[in-house]
Structure formats: structure tokens, C-alpha cells
Student: 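Take a look at this one; I'll ask things after.
Just so we're on the same page: letters track the sequence lines, and every chain starts at 1.
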Amino acid sequence: MTDDGSTLAVEVRGLTRVFGSGESKVEALRGLDMNLSAGDFAAVMGPSGSGKSTLLHLIAGLDAPNSGTIRVAGRDLSTLNDDELTLLRRRNIGIVFQAFNLLNILTAEENVALPLVIGGTSRAEAHSKAAAALDRVGIGQRRKHLPTELSGGEQQRVAVARALVNEPLILLADEPTGNLDSLSSDRIVMLLRRLVEEQGQTILMVTHEARHAAMADRLIHLRDGRVVQEQTLPPGREVDEILQDLESPP
Amino acid sequence: MQNAILGLLASGPVHGYELRTAYEDQLVPRAKLNFGQVYTTLERLQRNGLVQNEVVNQSARPDKKVYRLTDDGRRRLYDWLKKPSKFDLDLRNETFVKLMLTRRLAGADAFETLAVERRECLERLHEITQARAKAAEQKAPLRTVLLLDLAVFRLEAFAKWLDRCEELFREEDTR
């Protein structure tokens with residue numbers, strides 16, 4: 001539930017974003033509308049240059065639109081000053097990037113605790129929450145390791161734990177598997193899926209891999225800075241049922 | 001089918017009846033073989049000298065017929081295992097024909113066809129990736145996980161091809 005009592009975690013209306021001007025002008029978003037309800041797992045797909053990452057950055061408050069409105073947890077981002085925006089972001093948004101963006105001189109647990117420490121939480125509390133977040137992503141036993149001692153998949157799990165440590169309303173994931181091999185990347189998306197199913201986490205994920213997008217419950221297809229198709233995917237079926245449908249190899 | 005049966009007989013003689021369950025339990029999860037298929041294949045393998053049967057006397061129960069590999073059968077199996085498989089490219093594809101027609105016919109729209117096909121493909125992909133995740137979580141046998149992975153990657157390749165069609169149709173239209 002959001003601040004104003006509605007269940008919309010994110011509401012985007014008429015969003016435009018233009019980069020550059022004159023000859024080099026790029027219209028990344030051209031009047032984009034979309035909603036994200038609490039508990040949704042939505043994937044944003046589209047060819048490169050369709051505006052996927054721009055959209056995510058705008059929702060995260062890392063960038064400002066040329067026109068249009070973005071409401072996160074019921075609050076219009078354009079009405080907030082820098083401090084209010086920082087606070088709203090800290091309380092409501094966790095982000096996972098393609099590059100894990102971990103600090104190599106800090107252990108996994110210290111990396112995860114960092115946003116809490118910066119936000120004024122005591123060291124002891126920050127570390128106990130960090131340890132719990134690392135447990136949630138299945139990597140608790142590696143919490144004392146430095147990022148350089150972890151595999152890519154493990155580092156991305158740490159990044160997911162860091163994004164979740166504030167218990168944000170929304171988890172934004174920008175090509176979270178772009179730097180991972182195919183098996184580790186599938187496991188990261190399965191982890192996101194589990195967070196949705198078991199903890200009701202709201203997730204908006206940008207991806208260009210169809211098999212990762214297909215793990216979401218809702219697909220938002222972008223092209224040329226607009227939503228061209230939305231698709232709600234039906235609930236899953238039992239493994240046995242699916243197997244019976246598959247054509248058996250000869 | 002013939003080679004699969006040779007493979008199931010390779011570790012020791014098996015009763016014809018047990019072959020059907022072995023096929024499902026050891027090779028292809030949830031495969032539905034019928035006895036007719038199994039026995040027809042066994043007969044053919046026997047005619048070609050790759051398999052022979054023997055009757056085992058059982059004191060308490062009726063005698064049973066078991067099948068075993070001959071030396072030729074074993075050779076044929078291991079030759080087959082070393083050879084590349086015939087790749088099933090499935091190019092007589094319904095979507096392909098539909099797309100070629102919608103590009104030519106008035107009143108038809110290839111982009112609409114692409115959108116419809118993409119929706120369907122992603123829906124199937126959703127089902128199968130979910131099942132794959134569930135299978136991995138429930139520690140299903142590796143053969144189950146890998147069969148689902150095969151389906152996932154095939155569907156993903158198809159989704160990529162649909163994207164490619166869209167890009168090239170657009171390119172053609174702006175020319």
C-alpha cells in the first residue's frame with residue numbers, strides 16, 4: 001500500500017525525455033504511459049534505443065523528464081526538492097544495475113550495510129539487517145568475503161541484497177544479467193521471481209533477453225520511446241503438465 | 001527410437017514390458033511410448049541381428065522373455081553415439097509462411113502477425129521458464145531440467161528471429 005492509499009507503486013503519464021539538440025537530438029521517450037501495481041513483476045522489453053533504461057532512470061529519480069509526470073508511492077517526483085527526493089528514493093526504491101557497482105574494499109556485508117549507514121542507521125543494526133538481506137538472496141555464508149573473492153553471480157546477489165536492505169516498495173533492475181554467463185543470469189532472475197512470490201516484492205526489470213522477460217508476470221514492450229504492447233502472462237502450470245505437452249525427442 | 005532402445009539394453013537384458021518405463025524413467029521424462037511401438041522396434045532390431053531374446057524360466061511366475069544386445073547391436077549403438085545427430089531445423093514453419101503472405105497480401109499486416117506470434121511465444125516461454133524454475137527448486141532430475149531448458153532456448157531463439165523479422169521489414173519499408 002502506498003502513501004496515498006492507492007495500490008499503484010508507480011504511475012507514469014506522458015513522459016518525454018530528449019537528449020541533445022539540433023542534429024544530434026535524440027528523443028528517448030515520446031509520451032510514455034505506464035503503471036506498476038504493488039506486488040507486480042513487470043519486465044520492460046524492446047530493441048536498444050527504445051528508451052528502456054531511460055525510463056528506469058527516470059522512475060529511480062536519477063534523471064528528470066522534459067515533460068510528463070512520475071508518481072512513486074503516490075508522490076509526484078517533480079514536486080520534491082533534493083532532500084525529499086533522496087528520502088523518497090531511500091524509502092521506496094532499490095536498484096540493481098548491470099555492473100554490480102560494489103565497493104571492492106568492503107566485504108559483501110559492508111557493501112549491503114552501506115546505504116543504511118549512510119542513512120543514519122547504527123552500525124550494529126545496519127550489519128544485522130545486511131546479514132538478513134544476504135540470507136534472503138541465498139548468500140549469507142559468503143558475507144565476510146570481498147567482492148573480488150566472489151563469482152559474478154554472487155556479486156550480483158550481493159547487489160540485490162543491497163537494493164533490498166531498505167525494504168523498498170519497488171526494486172528496479174536495469175539489465176541485471178547483462179554481465180553474467182547464461183546459467184548465473186538465469187539464477188538471478190529466478191531469485192527475483194522468488195522475491196516476488198515469497199515476499200510480494202514489486203519489481204520492474206529491464207531486459208533484452210526474452211527468457212528473462214518471460215519470468216515476469218507482465219511485459220511492457222517499448223519501441224521508439226513509447227509502449228507498443230502490454231501483455232499479462234497467465235499463471236504457471238505444473239511441471240508434469242508442461243512436460244507432457246512438450247514434443248519428446250525421437 | 002531404435003537407438004534409444006539399444007541404449008536401454010546396453011547395461012543388461014531387459015524385459016520388453018520394462019523398456020517402456022525405463023524409457024520414461026531414465027531417458028525422456030513423461031514420454032508416452034506405447035507397447036506396440038516398443039515391440040515393433042524390438043522385432044525390427046532382432047531381424048537386423050542387433051538384439052536377441054531369450055526366455056527366462058521363473059519358478060513362481062510364468063516364463064518371461066528378456067532382450068539383450070548382440071555384439072553388432074552394441075557396435076551400432078556406440079557408432080551412433082559418436083556421430084552427429086541429424087539436426088531438426090524445422091523450417092517448414094507456419095509462422096514463416098504466414099509472414100511471407102502477410103507481406104504480400106492487401107489487407108494483411110505482417111507487423112500484426114509478428115505481434116500475435118510474439119505474444120504467443122512469450123506466453124509459452126513464461127510457462128516453461130516457470131516450470132523450469134520450479135523443477136530446479138524441487139530438485140527434479142537433471143534430465144527434466146535440461147529438457148525444459150531445451151524448450152526455453154528454442155522458444156527464445158524463435159523470439160529473437162521474430163525481432164529480426166520486425167527490424168528487417170521496417171528497414172525494407174523505409175527503403
Side-chain angles (χ1 to χ4, degrees), chain A residues 41-43 45-50 138 177 182-198 207-224 227-250, chain B residues 1-4 23-24 27-33 85-86 88 90 111-112 114-116 118-138 140-141 143-164 166-167 170:
Chain A
F41 182 11
M45 311 176 70
S48 60
S50 59
T177 64
S182 108
L183 185 57
S184 313
S185 66
D186 285 6
R187 287 177 176 160
I188 286 292
V189 184
M190 281 189 225
L191 166 67
L192 298 181
R193 170 91 224 161
R194 238 184 40 235
L195 294 170
V196 173
E197 279 175 5
E198 292 172 8
T207 180
H208 65 265
E209 303 271 11
R211 72 178 193 283
H212 294 154
M215 289 287 282
D217 295 315
R218 197 152 70 88
L219 302 177
I220 301 168
H221 296 265
L222 300 193
R223 172 172 281 279
D224 301 329
V227 175
V228 290
Q229 193 177 49
E230 281 198 58
Q231 182 177 4
T232 302
L233 295 163
R237 293 189 293 153
E238 287 308 308
V239 177
D240 262 7
E241 235 179 296
I242 300 281
L243 285 172
Q244 271 167 4
D245 278 1
L246 296 179
E247 200 92 20
S248 302
Chain B
M1 181 68 192
Q2 288 195 32
N3 291 305
Y23 187 81
E24 183 182 331
L27 286 181
V28 186
R30 295 263 129 226
K32 281 163 289 189
L33 286 189
S85 310
K86 184 165 161 285
D88 173 19
D90 184 26
F111 293 105
E112 223 167 83
L114 281 170
V116 169
R118 189 176 289 120
R119 282 184 92 90
E120 178 65 18
C121 177
L122 285 162
E123 219 168 88
R124 293 290 288 147
L125 200 49
H126 178 67
E127 270 189 355
I128 298 176
T129 50
Q130 306 274 80
R132 198 269 179 215
K134 224 182 269 178
E137 231 164 79
Q138 295 164 352
R143 60 179 176 277
T144 298
V145 173
L146 288 175
L147 187 63
L148 291 167
D149 270 338
L150 180 60
V152 167
F153 284 115
R154 283 196 168 183
L155 281 166
E156 190 182 49
F158 191 66
K160 272 189 187 151
W161 177 73
L162 293 173
D163 290 345
R164 174 62 59 88
E166 175 145 4
E167 297 309 316
R170 279 179 197 280

Student: Considering only heavy atoms, which portion of Gln2(B) lies under 4.5 Å from any heavy atom of chain A: side chain, backbone, both, or neither?
Tutor: neither
Student: Heavy-atom cut-off 4.5 Å, strictly under: side chain, backbone, both or neither for His221(A) against chain B?
Tutor: side chain
Student: Please evaluate residues Thr232(A) and Asp217(A) with respect to the criterion side chain to side chain contact (heavy atoms under 4.5 Å, CB included), reporting the C-alpha separation (whole Å), side-chain torsions for both, the decisive distance (0.1 Å), and the verdict.
Tutor: CA-CA 6 Å; Thr232(A) 302; Asp217(A) 295 315; 5.9 Å; no
Student: Just so I understand: if I count every heavy-atom pair under 4.5 Å between each of Lys134(B), Gln138(B), Arg124(B) and chain A, which residue has the most?
Tutor: Lys134(B)
Student: Please report the closest heavy-atom contact between Thr207(A) and His212(A), naming both atoms and the distance.
Tutor: OG1-CB, 3.9 Å
Student: Is it the side chain or the backbone of Arg170(B) that comes within 4.5 Å of chain A heavy atoms, both, or neither?
Tutor: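 Only the side chain of Arg170(B) comes within 4.5 Å of chain A.
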Student: Under the side chain to side chain contact (heavy atoms under 4.5 Å, CB included) rule, what do Leu27(B) and Arg143(B) come out as? Steps first, then yes or no, please.
Tutor: CA-CA 7 Å; Leu27(B) 286 181; Arg143(B) 60 179 176 277; 6.0 Å; no
Student: In terms of heavy-atom pairs under 4.5 Å, which option from Met190(A), Gln231(A), Arg237(A) contacts chain B the most?
Tutor: Gln231(A)
Student: How many angstroms lie between CG in Leu155(B) and CG in Leu125(B), if you round to the nearest 0.5 Å?
Tutor: 5.5 Å
Student: With a 4.0 Å cut-off, would you call Glu166(B) and Arg223(A) a salt bridge?
Tutor: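 Salt bridge: yes.
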Student: For Glu209(A), is it the side chain, the backbone, both, or neither that has a heavy atom closer than 4.5 Å to a heavy atom of chain B?
Tutor: both
Student: Most heavy-atom pairs under 4.5 angstrom with chain B, which of Ser182(A), Ala216(A), Pro235(A)?
Tutor: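 Highest number of heavy-atom pairs under 4.5 Å: Ala216(A).
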Student: Ser185(A) and Arg211(A): side chain to side chain contact (heavy atoms under 4.5 Å, CB included), yes or no, with the steps?
Tutor: CA-CA 10 Å; Ser185(A) 66; Arg211(A) 72 178 193 283; 3.7 Å; yes
Student: Non-hydrogen atoms of chain B under 4.5 Å away: do they reach the side chain of Arg187(A), the backbone, both or neither?
Tutor: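 Contact with chain B involves no heavy atom of Arg187(A) at all.
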Student: Could you have a look at Glu127(B), Glu167(B), Arg118(B) and say which one has the most heavy-atom pairs with chain A under 4.5 angstrom?
Tutor: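 When all of Glu127(B), Glu167(B), Arg118(B) are compared, Glu127(B) has the most.
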Student: Taking atom CG of Leu191(A) and atom CG of Leu195(A), what is their separation to the nearest 0.5 Å?
Tutor: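 The CG atom of Leu195(A) is 4.5 Å from CG of Leu191(A), to the nearest 0.5 Å.
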Student: Among all residues two or more places apart in sequence or in another chain, which pass the side chain to side chain donor-acceptor pair (under 3.5 Å) test with His126(B)?
Tutor: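 None.
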Student: By a 4.5 Å heavy-atom criterion (distance strictly below it), what part of Ala159(B) contacts chain A: side chain, backbone, both, or neither?
Tutor: side chain
Student: Less than 4.5 Å to any heavy atom of chain B: does that hold for the side chain of Ala213(A), its backbone, both, or neither?
Tutor: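 Answer is neither: Ala213(A) stays 4.5 Å or more from chain B.
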Student: Measuring heavy-atom distances to chain A, does Ala133(B) have an atom under 4.5 Å in its side chain, in its backbone, in both, or in neither?
Tutor: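 Both backbone and side chain of Ala133(B) come within 4.5 Å of chain A.
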